[in-house]
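Report on the following structure.
Throughout, a chain's letter reflects where its sequence line sits, starting with A, and its residues are numbered from 1.
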Protein chains: 2
Amino acid sequence: MQVSLAETIQPLAPDSRLPRYQQLRDRLAALIADGTLRPGEALPSETAIAADHGLAPGTVRKAIDLLEQAGLVERQQGRGTFVRRADFAHSLFRFFRHTGPDGAVLKPEGRLLSRRRQRAGKTEAARLAVAPGTELLHLRRLRLAGGRPLLYERIWLEAARFAPLAELPLAEWDDLLYPLYERACGRLVARARDTLGTARADRETARMLGVEPGEVVIEIARVAFGYDGRPLEYRVSRGPAEAFSYSVEIR
Amino acid sequence: MQVSLAETIQPLAPDSRLPRYQQLRDRLAALIADGTLRPGEALPSETAIAADHGLAPGTVRKAIDLLEQAGLVERQQGRGTFVRRADFAHSLFRFFRHTGPDGAVLKPEGRLLSRRRQRAGKTEAARLAVAPGTELLHLRRLRLAGGRPLLYERIWLEAARFAPLAELPLAEWDDLLYPLYERACGRLVARARDTLGTARADRETARMLGVEPGEVVIEIARVAFGYDGRPLEYRVSRGPAEAFSYSVEIR
DNA sequence: AAGTGGTCTAGACCACCTA
DNA sequence: AGGTGGTCTAGACCACTTG
């Protein structure tokens, strides 16, 4: 009795010390994280959620406000609230100038250079939060804009979670990897953290990017995370210094 | 009659088509912009604002939510809501590693190298939104962390708005400029936009930063804006490429 | 026409800070 | 003790999208 009553009155309770709108936010975020609510899918209406949980509409509204601010959902007036699909299409290119002389945005391309299995070293293991020695899939890739090489990328994935990629025919590789991760492996990227720095071009990087060996290049180390918050991909991208350009707003 | 009635019922009305909470936000933002409410000062309480404007407390609350999200005010439970003072103390250093071998944050220093009057060229005029030829104050400055040069800066200010700086004894120049702008000239910086890129070190830059001439350095072009949205300062800072490090969260 | 999110009201009570 | 912001309720009406 006690249990069902508690569920009727307050079916949230991951941490009852928190305000109810935060409990509801966490509950909805968990549904998104575990795939119960998939990207593009609609949440129940605010009134429906309110009725289900015995909350006032205003409380539900505030919970969804937070999800929207966190970038997990998107409201559309008159239609509903939808789980947001992260769009990383040009996320690395945004660090570099990639417009032609006429100002038009150049079409980005992605070419897979190599694919092989590899055991995780210390760095990759730390970034992917796996044990050193774990079997990984290692990709090398060149990204171009308007035919000019803009990024030389090395990518590490946990082999067990991306098994289909090891066999995928080269013809089926796309210009963009994240849609491929979803299509072939059901792995969704929710967010990523990019760390910018510089490096000296080794012989291979220099050849790929068309710069002098030893020259300074921009290096972007990225860890991409799934909706469950676990690292999915570790990627190190390098691009020519003179194409680098990035703006930040400071408050 | 019509006018006073309208003022009683709806004393906001910068644009009556907008929701009331947005009108109220704009009204409060204007009070901050024109200095009626100074940084550190408290806003009237939410209930007082509601009573003054004939609004429900919830509507006032939403307006202040927006101001808080925009970074203009800061709420403190039990105390009140205060106009936020932007803190740029380490804002440029955050693009560079500046911790010692033990991980301790190194004390930043600022040294004024030169100060002179100059007429605005095309670039400075565009960035500061003044006419070319306008008289400017030009500063050159070196910033150090733990005694190592980290940034060589060139700064342009509209002379008419920063007159006291032209005469200020060198002994009174601080490590940080923005507090000085406020103290000496009453000019407050509200936000800034930094654009990162690279450049080749000319002889002077190379000597200042201790790198080879022709070497790639990181260049940060900043325009700082006042609370009224007008540009206050244009600044170009250069730092050694190998100390560059910056993280961004992507969604 | 029906359903959705968007705006707005008018309260109640709580948690926190200051004095 | 009194005032502040923080949470929550229970509605009303509007604007927009879709069938």
Validation row: B/R222, B/S237 side chains within 4.5 angstrom (heavy atoms): no
Which of C/dT9, C/dG5, D/dG5 is nearest the side chain of A/R75? It is C/dG5
What I'd like to find out is whether the side chain of A/I64 reaches to under 4.5 Å of the side chain of A/I49, using heavy atoms alone. yes
Which nucleotide in the list C/dT9, C/dG5, D/dA10 gets nearest to the side chain of B/A56? C/dT9
Quick check for you: among D/dT9, C/dA10, D/dT7, whose closest atom lies nearest to any side-chain atom of B/R61? D/dT7
What's the CG-P distance between A/L66 and D/dC8, to the nearest Å? 11 Å
Take atom CG of B/D65 and atom P of C/dC8, then tell me their distance rounded to the nearest Å. 14 Å
May I ask you to check whether B/Y178 and B/Y181 place their ring centres under 6.0 Å from each other? yes
Interatomic distance, A/L18 CG vs C/dA15 P [rounded to whole Å]: 14 Å
Value in whole Å for how far the C1' atom of D/dG5 lies from CZ of B/F82: 11 Å
Hey, are the side chains of A/V73 and A/L37 touching, using non-hydrogen atoms and a 4.5 Å cut-off? no
Contact under 4.0 Å: A/K62 side-chain N or O vs D/dT7 OP1/OP2: yes
With the side chain defined as heavy atoms from C-beta on, B/S45 is closest, among D/dT4, C/dC16, C/dT4, to D/dT4
When the distance from CD1 of A/I49 to P of C/dG5 is rounded to whole Å, what number comes out? 8 Å
Whole Å only: how far is the CZ atom of A/R20 from the C1' atom of D/dA10? 14 Å
Between atom CD in A/E46 and atom C1' in D/dT9, what is the gap in whole Å? 15 Å
Kindly say if B/R79 contacts the phosphate of C/dT18, meaning a side-chain N or O under 4.0 Å from OP1 or OP2. yes
To the nearest angstrom, how far is B/L55 atom CG from C/dT7 atom P? 14 Å
Which listed nucleotide (D/dG5, D/dT9, D/dT7) is nearest to the side chain of A/P19? D/dT7
Where the side chain of B/Q77 is defined as all heavy atoms beyond and including C-beta, which of C/dG6, C/dT18, C/dC16 is the nearest nucleotide? C/dC16
Need to verify one output field. Residue with the more 5' nearest nucleotide on DNA chain D, A/V60 or B/E68? B/E68
Using a cut-off of strictly less than 4.0 Å, decide whether A/Y21 has a side-chain nitrogen or oxygen near OP1 or OP2 of D/dC8. no
Looking only at side-chain N and O atoms, does B/T59 come under 4.0 Å of OP1 or OP2 in C/dT9? yes
Do the side-chain N or O atoms of B/T81 get closer than 4.0 angstrom to the phosphate oxygens (OP1, OP2) of D/dG5? yes
Validation row: B/D65, A/D65 side chains within 4.5 angstrom (heavy atoms): no
